[in-house]
Amino acid sequence: MSNKNFIINIIDKDSDSQTIHTRFPPEPNGYLHIGHAKSIYLNFEIAEKYNNATCNLRFDDTNPSTEQQEFVDQIILDIEWLGYSISNRTMFASDYFEQMYKYALQLIKQGLAYVDDQSASDVRKTRGTLTSSGVESRFRNRSIDENLDLFQKMKDGLYKDGEKVLRAKIDMSSPNLNLRDPVMYRIMHANHHRTKDAWCIYPMYDWAHGIEDSIEGISHSLCSLEFEDHRPLYDWFLNQLKIHHPKQIEFGRLNLTHTLMSKRKLAKLVYDKVVDGWDDPRMPTISGLRRRGYTPDSIKAFLNDIGVTKHDGFIDYSLLEFFVREDLNKISLRVMGVLDPLEIEIVNYPEGESEWLTAENNPEDKSQGERKIPFSKHLYIERSDFMEDAPKKYFRLSLNNEVRLKHAYYIVCKKVIKYKNGQIAKLLCEYDPSTKGGWSNDGRKVKGTLHWVSKADAIDANINLYDHLFEIENPDSSEGDFLDHISKNSKKTISNCKLEPSLKAAKLDQKFQFIRLGYFCLDSKNNKGLTFNRTISLRDSWAKKNKGSK
RNA sequence: UGGGGGAUCGUUCAAUGGUAGGACACAUGGUUUUGGUCCAUGGGAUCGGGGUUCGACUCCCUGUCCCCCAGCCA
């Protein structure tokens with residue numbers, strides 16, 4: 001992490017007197033998204049920055065009703081993909097259940113916790129409101145012995161779900177609602193993905209989290225802004241228990257335009273099949289971004305740039321796009337593919353013959369070498385690269401106009417052949433054999449350069465074109481159902497695209513730039529036929545310029 | 001209307017009493033065998049009102065606006 005932020009400033013000071021130890025504590029109830037990546041980046045980079053510092057991955061698996069092993073596995077995979085090693089630093093809150101139980105006993109003995117028989121709705125009703133204080137439970141002043149006995153029976157499974165809870169005895173008139181006798185344990189006869197049926201009481205977040213941090217010797221417990229008014233409770237529990245007391249610091253979570261970070265809503269997109277799964281390339285999940293073709297480096301560069309503050313900001317999606325383009329421009333192999341093919345015939349090129357031309361793989365990185373591409377009489381170009389009557393500023397192919405075929409020859413369009421309905425069927429062109437490689441030294445000005453593919457050698461592929469999932473900037477806070485704002489154009493699949501033959505050997509981890517079109521990668525799911533995903537288009541100042549004039 | 005936080009170019013992050021700066025976005029030019037990349041240039045901000053000070057984004061007072069909190073979720 002190259003940038004300073006207010007948390008680093010605090011830790012810099014604290015690091016003089018203590019060993020720094022952070023943690024990333026996801027609940028395994030869904031896939032990780034880029035907002036989690038911000039926290040991962042912060043916590044793990046801090047750990048790498050200080051000598052002997054470490055960062056734990058800790059699953060906050062205290063609610064078996066929503067958690068699953070599948071999510072544990074995916075979270076580990078995503079964190080490792082981002083480049084952080086956690087094989088010997090993976091912890092589970094459920095491993096501390098016994099210790100938490102003992103601490104609860106201690107609190108009861110200190111007269112600071114009690115078993116409450118009230119129903120959930122009674123607890124709610126007696127909590128009071130933002131402006132009025134709550135009412136103490138009539139079970140609040142049970143004896144320590146009775147509380148011990150009742151809590152034992154809760155643990156032993158003598159009660160049904162919801163019949164009793166263990167509450168901390170703090171202050172029912174506190175202006176901070178979190179301090180109005182918060183629930184520490186609830187009864188849930190549920191099968192936990194790790195502890196199975198060993199427990200039927202499960203600790204609540206506020207009770208569990210500080211203990212988890214304390215047990216692991218965490219020095220700085222970094223979390224998001226909404227936990228600010230939980231901090232007094234975090235501190236209260238640790239103070240009463242008199243155990244190691246980490247410092248909780250809150251920062252603003254990531255908000256990105258045109259998408260969502262709410263795990264609940266992302267899950268709805270998955271379960272309602274609005275998208276094709278948690279790893280749908282339109283999802284802001286780590287797995288979605290990976291399948292879309294984003295690299296760990298690009299995501300980290302983005303996270304480094306946006307910084308960490310207490311301000312609840314909204315990052316423009318174009319910033320993320322800038323960082324993928326920047327990375328992909330450096331590493332991707334240049335290739336040629338035609339998405340919307342228009343056939344052209346080079347009339348003065350011999351039928352049945354072909355030649356292999358040399359093409360560089362990456363002008364940004366000569367070490368990536370060269371490859372050969374076949375040229376022949378029958379080619380495809382992009383349909384949008386030809387206009388019969390072109391405006392002055394259009395410097396692609398038009399009738400009697402000369403353009404360059406990238407890495408090949410100059411050609412001139414001589415004749416347009418149309419179907420009866422007026423659609424262009426084929427172009428007849430002439431090439432200049434003396435311009436092999438796409439260059440002449442006679443000073444000819446050829447402004448346009450087109451990508452192309454040899455018809456006989458082309459391979460067919462499907463291509464997924466993606467756009468923002470939501471058409472409005474902030475679907476999360478909009479009126480009505482967030483699903484109403486799903487963009488109809490977020491995914492477009494085109495088939496029968498024509499690609500240069502070298503792409504037959506494409507590997508899953510390779511990044512490609514289809515020249516003049518954008519960055520693409522192989523889709524990681526099984527598809528019918530070869531399928532590429534467009535990660536992001538190239539910047540297009542021509543399209544931008546024309547948008548206003550339409 | 002109780003409590004906890006936050007307000008700096010369109011967006012985001014800096015400046016910790018001393019020239020308000022960077023990135024993205026936007027605009028304009030140049031280079032270019034990708035209308036990409038790269039390079040150059042430009043417009044553009046301290047929430048309002050008082051005060052302290054030689055000097056205030058920074059400190060004080062006051063007002064305004066925004067976010068979070070009434071799960072046996074995390």
Side-chain angles (χ1 to χ4, degrees), chain A residues 3-5 9 25-27 29 60 62-63 65-66 116 118-121 123-125 127-134 161-167 173-180 182-188 201-202 204-206 208-209 223-232 250 252 257 263-264 302 305-316 318-323 325-326 329-330 334 336 359-360 363-364 393-396 404-408 410 435 437-439 446-451 477 513-519 537-546:
Chain A
N3 292 334
K4 285 272 180 180
N5 59 57
N9 291 341
E27 184 187 15
N29 66 346
D60 210 356
T62 58
N63 183 356
S65 67
T66 58
D116 195 346
Q118 292 184 112
S119 68
S121 74
V123 169
R124 191 185 322 118
K125 282 178 201 150
R127 184 155 24 230
T129 69
L130 295 178
T131 51
S132 65
S133 55
D161 288 8
E163 213 173 314
K164 287 182 167 44
V165 288
L166 184 72
R167 289 230 254 171
S173 61
S174 170
N176 181 342
L177 267 29
N178 297 122
L179 264 21
R180 319 245 261 229
V183 173
M184 295 164 60
Y185 276 96
R186 77 283 215 185
I187 299 170
M188 287 177 98
I201 54 171
Y202 289 92
M204 296 287 290
Y205 169 85
D206 286 307
H209 204 84
C223 61
S224 45
L225 254 25
E226 69 268 27
F227 291 104
E228 252 166 341
D229 48 15
H230 290 246
R231 179 157 27 97
E250 310 84 14
T257 61
K263 228 197 255 183
R264 207 200 93 241
F302 166 74
D305 193 73
I306 60 173
V308 179
T309 64
K310 298 199 71 152
H311 180 68
D312 192 21
F314 233 92
I315 308 288
D316 201 313
S318 63
L319 187 63
L320 215 209
E321 295 181 332
F322 166 80
F323 282 103
R325 286 198 181 101
E326 185 182 51
N329 177 53
K330 280 184 294 197
R334 269 58 174 182
M336 292 198 285
E360 62 186 349
E364 306 291 319
K393 286 288 181 63
Y394 185 88
F395 44 84
R396 301 175 185 181
R404 169 171 38 237
L405 294 180
K406 179 86 174 173
H407 302 309
Y410 294 174
T435 58
W439 185 252
V446 177
K447 186 77 171 156
T449 300
L450 309 186
H451 58 279
S477 75
Q513 184 197 100
F514 290 8
I515 284 179
R516 300 210 303 136
L517 296 177
Y519 297 99
S537 65
L538 254 28
R539 284 185 63 210
D540 190 347
S541 57
W542 168 248
K544 195 185 288 178
K545 190 183 293 182
N546 286 3

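The sequence lines fix the lettering, A, B, ..., with proteins before strands; numbering per chain opens at 1. Given the structure is predicted, the values throughout are model-derived calculations rather than measurements.
Here the separation of B/G44 from B/G22, taken at their P atoms, is 14 Å to the nearest Å. Nucleotides B/U19 and B/U37 are separated by 35 Å at their P atoms, to the nearest Å. Atom name C1', nucleotides B/U58 and B/G10: the rounded distance is 25 Å, in whole Å. To the nearest whole angstrom, the two P atoms, one in B/C66 and one in B/G29, are 42 Å apart. Across the P atoms, B/G18 and B/C26 are found 35 Å apart, a figure rounded to whole Å. Taking atom P in both B/C57 and B/G49, one finds a spacing of 13 Å when rounded to whole Å. Across B/G3 and B/A70, the matching C1' atoms stand 12 Å from one another, rounded to whole Å. Remark: the separation of the C1' atoms in B/G21 and B/C9 is 11 Å, to the nearest Å.
If you check every strand for non-hydrogen atoms under 4.0 Å, A/K406 touches a base. Backbone-only engagement by A/I315 is indicated by non-hydrogen atom pairs under 4.0 Å involving sugar-phosphate atoms exclusively. A/K393 comes within contact range of at least one nucleobase, with a heavy-atom separation under 4.0 Å. At a threshold of 4.0 angstrom between heavy atoms, the contacts of A/P232 with the nucleic acid are absent. Residue contacts for A/Q513: at a heavy-atom cut-off of 4.0 Å it reaches a base atom on one of the strands shown.
Comparing A/G313 and A/Y394 along RNA chain B, the residue whose closest nucleotide (by nearest heavy atom) sits nearer the 5' end is A/G313.
Atom-to-atom, CD of A/E321 to C1' of B/G36 comes out at 15 Å; the value is rounded to the nearest Å. If you measure from atom NZ of A/K310 to atom P of B/C68, you get 16 Å, rounded to the nearest angstrom. Across the protein-nucleic acid pair, A/F314 atom CZ and B/G6 atom C1' stand 16 Å apart, rounded to whole Å. In this entry the distance linking CD1 of A/I515 with C1' of B/U34 reads 6 Å, nearest Å. In this structure, CD of A/E228 is placed 14 Å from C1' of B/C66, rounded to the nearest angstrom. For the pair A/D312 CG and B/C68 C1', the interatomic distance rounds to 9 Å; values are reported in whole Å. Taking atom CG on A/N5 and atom C1' on B/A14, their separation rounds to 12 Å, with Å as the unit. Across the protein-nucleic acid pair, A/H311 atom NE2 and B/A14 atom C1' stand 14 Å apart, rounded to whole Å.
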Working for salt bridge (Lys or Arg N to Asp or Glu O under 4.0 Å), residues A/E27 and A/K263: CA-CA 11 Å; A/E27 184 187 15; A/K263 228 197 255 183; 5.2 Å; no

Would A/R516 and A/T449 count as a side chain to side chain contact (heavy atoms under 4.5 Å, CB included) if you check the C-alpha gap in whole Å, the side-chain angles of each, and the deciding distance to 0.1 Å? CA-CA 9 Å; A/R516 300 210 303 136; A/T449 300; 5.6 Å; no

Begin with the C-alpha distance, continue with both residues' side-chain angles, and end with the deciding distance and a verdict on salt bridge (Lys or Arg N to Asp or Glu O under 4.0 Å) for A/E360 and A/R334. CA-CA 8 Å; A/E360 62 186 349; A/R334 269 58 174 182; over 6 Å; no

Under the side chain to side chain contact (heavy atoms under 4.5 Å, CB included) rule, what do A/R539 and A/K544 come out as? Steps first, then yes or no, please. CA-CA 9 Å; A/R539 284 185 63 210; A/K544 195 185 288 178; 4.1 Å; yes

Might you work through the side chain to side chain contact (heavy atoms under 4.5 Å, CB included) test for A/Y185 and A/K164, ending with a clear yes or no? CA-CA 9 Å; A/Y185 276 96; A/K164 287 182 167 44; over 6 Å; no

Side chain to side chain contact (heavy atoms under 4.5 Å, CB included) evaluation trace for A/L319 with A/D305: CA-CA 9 Å; A/L319 187 63; A/D305 193 73; 3.9 Å; yes

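In the interface, the side chain of A/D229 is paired with the base of B/G3 through a donor and an acceptor atom under 3.5 Å apart.
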List every contact pair, protein side and nucleotides 22-31 of chain B side both N or O, where the distance is under 3.5 Å.
unit_1 : atom_1 : unit_2 : atom_2 : d
B/C26  : OP1    : A/K544 : NZ     : 2.8
B/C26  : OP2    : A/K544 : NZ     : 3.4

For nucleotides 70-74 of chain B, which of its nitrogen or oxygen atoms have a protein nitrogen or oxygen under 3.5 Å away, and what is each distance?
unit_1 : atom_1 : unit_2 : atom_2 : d
B/A70  : O2'    : A/R127 : NE     : 3.2
B/G71  : OP2    : A/R127 : NH2    : 3.2
B/C72  : OP1    : A/R127 : NH2    : 3.1
B/C72  : OP2    : A/R127 : NH1    : 3.2
B/C72  : N4     : A/Q118 : O      : 2.9
B/C72  : N4     : A/A120 : N      : 2.9
B/C72  : N4     : A/G162 : O      : 3.2
B/C73  : OP2    : A/R186 : NE     : 3.1
B/C73  : OP2    : A/R186 : NH2    : 3.0
B/C73  : O3'    : A/R186 : NH2    : 3.1
B/C73  : O2'    : A/N63  : ND2    : 3.1
B/A74  : OP1    : A/T62  : OG1    : 2.9
B/A74  : OP1    : A/R186 : NH1    : 3.2
B/A74  : OP1    : A/R186 : NH2    : 2.9
B/A74  : OP2    : A/Y205 : N      : 3.0
B/A74  : O3'    : A/D60  : OD2    : 2.8
B/A74  : N6     : A/H230 : NE2    : 3.4

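In this structure the side chain of A/W542 reaches within 4.5 angstrom of the side chain of A/Y394, judged on heavy atoms. At least one side-chain heavy atom of A/S537 sits less than 4.5 Å from a side-chain heavy atom of A/R325. In this structure the side chain of A/N63 reaches within 4.5 angstrom of the side chain of A/M188, judged on heavy atoms.
Contacts of A/Y519 classified as ring pair (Phe, Tyr, Trp, His ring centres under 6.0 Å), with partners at least two apart in sequence or in another chain: none. Under the ring pair (Phe, Tyr, Trp, His ring centres under 6.0 Å) criterion, A/F227 pairs with A/Y205, A/H230, sequence neighbours left out. Contacts of A/K447 classified as side chain to side chain contact (heavy atoms under 4.5 Å, CB included), with partners at least two apart in sequence or in another chain: A/F395.
Without hydrogens or angle criteria, A/S174 side chain to A/N176 main chain gives a donor-acceptor distance under 3.5 Å. Panel note: side chain A/R186, backbone A/G162; no donor-acceptor pair is recorded below 3.5 Å.
In B/G71 the base sits syn relative to the sugar, since the glycosidic angle is no further than 90° from 0.
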Secondary-structure string, 5' to 3', Watson-Crick or G-U under 3.5 Å, | for another-strand partners, for RNA chain B: .((((((..((((....[..)))).(((((.......)))))....(((((..]....))))))))))).....

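When the nucleotides B/G3, B/U8, B/G36 are ranked by their closest atom to the side chain of A/S541, B/G36 comes out on top.
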